[in-house]
Amino acid sequence: MPLSWNEIKDRAIHFSKEWENETSEDAEAKTFWDDFFHVFGIHRRKIGSFEKPVKRLDNSTGYIDFLWKGTILVEHKSRGKDLDKAFKQALEYFPGLKDYELPKYVLVSDFARFRLYDLETGANFEFELRDLYQNVSHFGFIAGYQKHEFHEQDPVNIKAAELMGKLHDRLKEIGYAGHPLELYLVRLLFCLFAEDTSIFDKDQLRDYIEHKTKEDGSDLAHHLASLFYVLNTPRNKRLTNLDEEMAAFHYVNGKLFEEPLPPASFDSKMRDILLECTTLNWGAISPAIFGSLFQSVMNPVERRNLGAHYTSEKNILKVIKPLFLDDLWKEFHAVKDNRSKLIKFHDKLAALRFLDPACGCGNFLVITYRELRLLELEIIKILQKGQQVFDIGELLKLDVDRFYGIEIEEFPSQIAQVALWLMDHQMNMLVSEEFGQYFVRLPLRKSPNIICANALRTDWQSLIEPVPWEQGEQRFDYIYGNPPFIGKHLMNTPQKEDMAAVFTGVKGAGVLDFVTAWYIKAATYCTSPRPVGHPSPQGEGKRTKCAFVSTNSISQGEQVGILWNELFSKYKIKIHFAHRTFKWGNEAKGNAAVHVVIIGFSNFDISEKRIYEYEEIAGEAHVIKVGNINPYLVEGNDTYLISRRKPICNVPNLIYGSKPVDNGNFFLSDTEKNDLMAIEPLVTKYIRPILSSHEFLHGKTRWCFWLVNADPAELSKVPQIIDRLKKIKEFRSKSTKDSVRLQASTPSLFSEIRQPQHDYLIIPRHSSENRKYIPVGFFPHETIVSDSCTALPNATLFHFGLLTSEMHQVWIHYVCGRLESRFRYSNDIVYNNYPWPETPSDKQIKTVETAAQKVLDTRANYPTSSLADLYDPLTMPPDLVKAHQELDKAVDLCYRPQPFINETKRIEYLFELYDKYTAGLFAVEKKGKRAKS
């Protein structure tokens, strides 16, 4: 057990006085260093040796004064000698050392002076012998109090995962696989951390492997099996003749080493890998990220991109700070000057329960536990100010047993449990350092409640062990996490079955992302009945708050109306805070970023709500206090857009283009069209230009056979057409869809025909999110519009102006569905729900039309540039930018005379207008449905 800092300082003062006036030569250096390490409670002979011979680069033999393998190298000189030369000499020994022997620190001294080099950080500290007591904290790594700064991309993280990956592969290669392999690696991970974080004695595991196992590795598995058994056995129940070094390991408990495992097998290479693992500074790896790193160990594909799959602490804090952490700190500052209130607050903190129902490796729970322990430390410091601390353990009330998780995969669930234990230990070390008294929770008496199960098929309340209701309401205070990012098209069969079970009876749920099931489960939990005798959710009982990281599609497009109609209507959910779309990920190389939102909610309302707005999706958020947050994550009523067949305003209907379903046989390139017309001029009247989004945006031309009302006799004279129609018939007849197979009987027609009979305005259904404006354009009715576009027949310049204005673009940005990150424009959600200006005057309409024509005229000045070129934010011509700005101003004045100062004010105004327009529509629709029935 490490000494307290007070003991270490007392020993340091005694050591300095004893050696201050000595004029010792090298013969007494051994005694000097024996006494030095004794200051920190370490027996020098147990950790290393003097005068270790090594080969230098010039092949000469040098002798290291003292080496503690993998930890520290000491170079000692006579009093008054040059310490710079001593350090240079120490470095010359490095080429002769094995990788696992290389030290993390170099200490040079001449009896009177010390200089310590930290080789990992590059820092060095120099002081006189008499000042050792003031500098003992620099040697915390000797005593077991080392401070660790965690860096998410610290090379040690990657190195550790790579070494464990090699060990994993070799064990799997020899047939040690599945559950035994996963649990075996988790146990090794725990032991490696334990060795560098004072759970075990320093280098206890490495020394045992080096001294007690054969170099060929043949007996290593046997020794590890014995070690696992010992770690699970109280000292008073161990064999009395157990090997002394084996018996020195602490009793761990915690069920981690409880399950018997089949024997493994090692060879010399595997033994070397494990020894190399023991040389790494495992204490420098944050438990908050190591789980995700080692989860990738199990997957060779993921291992190629180590570090890309963990969730950064910064992003985790975006969830837990507004959900509970900010409020807890606020409450702490409010009561810290009142001792009795502070004690009650401490009790409250210790009683909180946290659930992550998709916990993975436990990142969210681990960071939460760390932050709460830091808050508890501040509480204890105030309560114990001016008092002597006799037993730290009696002061600590928070423990890991209030943290719950559900994870569908076994290995991550085991990692989550270990990660929480390790974070608990690291926080105990922090407390020990603060109060100068060593404290460790061994054996482990309490465990995190992490289960391996399907969260969508599990009763979340069942994780809490039932107690008599008189003891208080046993429910989760906070439910949060990062459920899987899986869209509707990527779900496998079991996931689709889970969705069906959660969304029973919910119409249209088939379009929802997988994450939405967690919202329904959480909402169900919030509103679930209390046991008899407990207050209701609306009373004074425990009220659960929730927050999930989610794909941003749940706040866009068609998913909003389906999900939030259920959450609002059935569960009375209110949104408490929201992070609008931002880039979710970390800074790891190759990390695939996802665009996400964070939504905090419960089944009760709060007065102060917050929206975290991002001007740049990879940037920092600024906070907006609002009265209410709607499902599109803007201030406004709890409004959600429903899919509509007709517009809410008096404007033309927007239609989808025609769909061929032909395997490409209706289409012709310029060359194919020209060659065919040269051979058979008759086909000219059956060939039409056709527009898809690609042709429209990129200025390309393509042609198609348009055979509506074609004369069969004429068609039969053109073998090129007949051949294509045969291929279409064959293609459709093999379809898995009944409707398409039926259309095999009419191969000369597009599968779905929606061609406008009049000239029309075209809007591409998919467009880059980087464009400030989605390009739209006029076309004659002779040009066929394909189903990758929408068409607005009989459109005017006023319609063009509104649809290509900033006002409409903001509406698109907030309510439009997405394909990846691109906008997915639709008539039923975006266009039909768009609130056009209420009562624009003739003058305002004319102004818009004039400005719209100016946009068209300006585009015409660049005949060689495509619309994709013209609307690229990097290449958009200045005169086109100006033309659009004038159009935007004209459109804005159709809505109101006051300018819109930002995008948020625009969307808030549009939602207010939408509410106004639709206030009577819902009653009319309901009445119509009743009449129909």
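The figures that follow rest on heavy atoms only: side chains count, while hydrogens, waters and symmetry mates do not.
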Q: With heavy-atom distances below 4.5 Å as the criterion, would you say the side chains of F266 and I273 are in contact?
A: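 The answer is no, as the side chains (C-beta and beyond) never meet within the 4.5 Å cut-off.
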
Q: Using side-chain heavy atoms (C-beta onward) and a distance below 4.5 Å, is S528 in contact with R475?
A: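 Heavy-atom side-chain distance check passes, below 4.5 Å.
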
Q: Where do C277 and L163 come nearest, in terms of heavy atoms and distance?
A: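 Looking at all heavy atoms of both residues, the shortest contact is SG-CB, 3.6 Å.
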
Q: Looking at side-chain heavy atoms only, is the closest gap between L323 and H576 below 4.5 Å?
A: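 No, their side chains stay 4.5 Å or more apart.
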
Q: Determine, stepwise, if the pair Y184 / F228 fulfils ring pair (Phe, Tyr, Trp, His ring centres under 6.0 Å).
A: CA-CA 10 Å; Y184 203 91; F228 296 160; 5.5 Å; yes

Q: Any donor and acceptor pair, going by atom type alone, linking the side chain of Y525 with main-chain N or O of F476 inside 3.5 Å?
A: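 Yes.
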
Q: With a 4.5 Å heavy-atom cut-off, do Q559 and K488 have their side chains touching?
A: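 Sidechains of K488 and Q559: no contact.
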
Q: Between P357 and W518, what is the shortest heavy-atom contact and its length?
A: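 Shortest heavy-atom contact: O-NE1, 3.2 Å.
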
Q: Identify the two heavy atoms, one from V502 and one from A517, that lie closest to each other, and give their separation to 0.1 Å.
A: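 It is CG1-O, 3.8 Å.
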
Q: Is the ring pair F601/F548 parallel, tilted or perpendicular, if the boundaries are 30 and 60 degrees?
A: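 Answer is tilted, since the angle falls between 30° and 60°.
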
Q: Hey, could you give me the OG1/CH2 distance between T524 and W460, rounded to the nearest 0.5 Å?
A: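 It is 8.5 Å, given to the nearest 0.5 Å.
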
Q: Would a distance-only check, ignoring hydrogens and angles, find a side-chain to backbone donor-acceptor pair under 3.5 Å from D267 to K269?
A: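 Answer holds: yes.
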
Q: Taking atom types as modelled, find out whether T527 and N603 have a side-chain donor-acceptor pair closer than 3.5 angstrom.
A: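 No, N603 and T527 have no side-chain donor paired with an acceptor closer than 3.5 Å.
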
Q: Distance check, rounded to the nearest 0.5 Å: R402 atom CZ versus N449 atom CG?
A: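 Interatomic distance, R402 CZ to N449 CG, rounded to 0.5 Å: 9.5 Å.
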
Q: State whether E620 and K314 are salt-bridged, where the test is any N-O pair (Lys NZ or Arg NE/NH1/NH2 against Asp/Glu carboxylate O) under 4.0 Å.
A: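 Salt bridge flag = yes for K314 with E620.
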
Q: For a quick test of reading the model, state the closest non-hydrogen atom pair linking I450 to C359 and the distance between them.
A: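 Minimum heavy-atom contact is CG2-SG, 4.1 Å.
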
Q: Ignoring hydrogens, what is the shortest heavy-atom contact between W282 and F193? Give both atom names and the distance.
A: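 Answer, listing the atom of W282 first, then F193: O-CE2, 3.2 Å.
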
Q: Should the pair E276-K166 be classified as a salt bridge under the 4.0 Å nitrogen-to-oxygen rule?
A: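 Not counted as a salt bridge, because no side-chain N and carboxylate O are separated by less than 4.0 Å.
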
Q: Below 4.5 Å, heavy atoms only, C-beta onward: do L189 and V418 meet side chain to side chain?
A: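 L189 does not reach V418 side chain to side chain.
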
Q: Tell me whether E407 contacts the main-chain N or O of P412 through its side chain, where contact means a donor paired with an acceptor under 3.5 Å.
A: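 Flag not set: sc E407 to bb P412 has no pair under 3.5 Å.
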
Q: side-chain contact (heavy atoms from CB on, under 4.5 Å) between C191 and F200: does it pass, once the steps are laid out?
A: CA-CA 8 Å; C191 292; F200 294 169; 3.9 Å; yes

Q: Could you walk me through whether Q495 and L456 satisfy the side-chain contact (heavy atoms from CB on, under 4.5 Å) test, starting with their C-alpha distance in whole Å, then the side-chain angles of each, then the deciding distance to 0.1 Å, before giving a yes or no?
A: CA-CA 9 Å; Q495 289 165 343; L456 300 183; over 6 Å; no

Q: Enter the distance from F332:CZ to L375:CG here, rounded to the nearest 0.5 Å.
A: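 Result: 6.5 Å between the selected atoms.
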
Q: Are L275 and I209 packed together at the side-chain level, in the sense that at least one heavy-atom pair is separated by less than 4.5 angstrom?
A: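 Yes, their side chains come closer than 4.5 Å.
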
Q: How many angstroms lie between atom CZ of R580 and atom CG of N552, to the nearest 0.5 angstrom?
A: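 Between R580 CZ and N552 CG, I get 9.0 Å after rounding to 0.5 Å.
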
Q: Would you check if the side chain of K104 reaches a backbone N or O of D118 as a donor-acceptor pair within less than 3.5 Å?
A: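 Side chain of K104 to backbone of D118: no pair is present.
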
Q: Test salt bridge (charged side-chain N to carboxylate O under 4.0 Å, His left out) on R353 and D477 and set out the steps.
A: CA-CA 5 Å; R353 279 192 172 91; D477 296 273; over 6 Å; no

Q: Considering only heavy atoms from C-beta outward, does the side chain of S550 approach that of Y519 to under 4.5 Å?
A: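 Sidechains of Y519 and S550: in contact.
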
Q: May I ask you to check whether over 12 heavy atoms, not counting those of K397, lie within 6.0 Å of atom NZ?
A: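 Check passes, neighbour count above 12.
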
Q: Does the pair L512 and L563 meet the rule for a side-chain contact (heavy atoms from CB on, under 4.5 Å), with working shown?
A: CA-CA 8 Å; L512 297 175; L563 173 64; 4.2 Å; yes

Q: Provide the closest heavy-atom pair for P322 versus H579 in the form atom of the first, atom of the second, distance.
A: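 Of all heavy-atom pairs spanning P322 and H579, the closest is CG-NE2, 4.4 Å.
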
Q: Are K446 and D424 within salt-bridge range, i.e. N to O under 4.0 Å?
A: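 So K446 does not pair with D424 through a salt bridge.
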
Q: Hey, can you tell me if F257 and F190 have their rings parallel, tilted or perpendicular (30° and 60° cut-offs)?
A: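 The arrangement is perpendicular - the two ring planes meet at more than 60°.
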
Q: Is there a side-chain contact (heavy atoms from CB on, under 4.5 Å) between E259 and H179 once you walk through the steps?
A: CA-CA 11 Å; E259 180 184 340; H179 168 76; 2.8 Å; yes

Q: With a 4.5 Å cut-off on side-chain heavy atoms, are L328 and L352 touching?
A: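 L352 reaches L328 side chain to side chain.
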
Q: What is the distance from atom CE of M427 to atom CD of E376, rounded to the nearest 0.5 Å?
A: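 Between atom CE of M427 and atom CD of E376 there are 9.0 Å.
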
Q: Mark yes when over 12 heavy atoms from residues, nucleotides or ligands other than Y176 sit less than 6.0 Å from its OH; otherwise mark no.
A: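 Yes, the 6.0 Å shell around OH holds more than 12 heavy atoms from other groups.
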
Q: Taking atom types as modelled, find out whether R543 and S602 have a side-chain donor-acceptor pair closer than 3.5 angstrom.
A: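 R543 vs S602: no donor-acceptor pair found between side chains.
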
Q: Measure the OH-CG distance between Y208 and L227 for me, rounded to the nearest 0.5 Å.
A: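 It comes to 7.5 Å.
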
Q: Does a donor on one side chain sit under 3.5 Å from an acceptor on the other, for Y480 and T368?
A: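 Yes, a side-chain donor-acceptor pair sits under 3.5 Å.
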
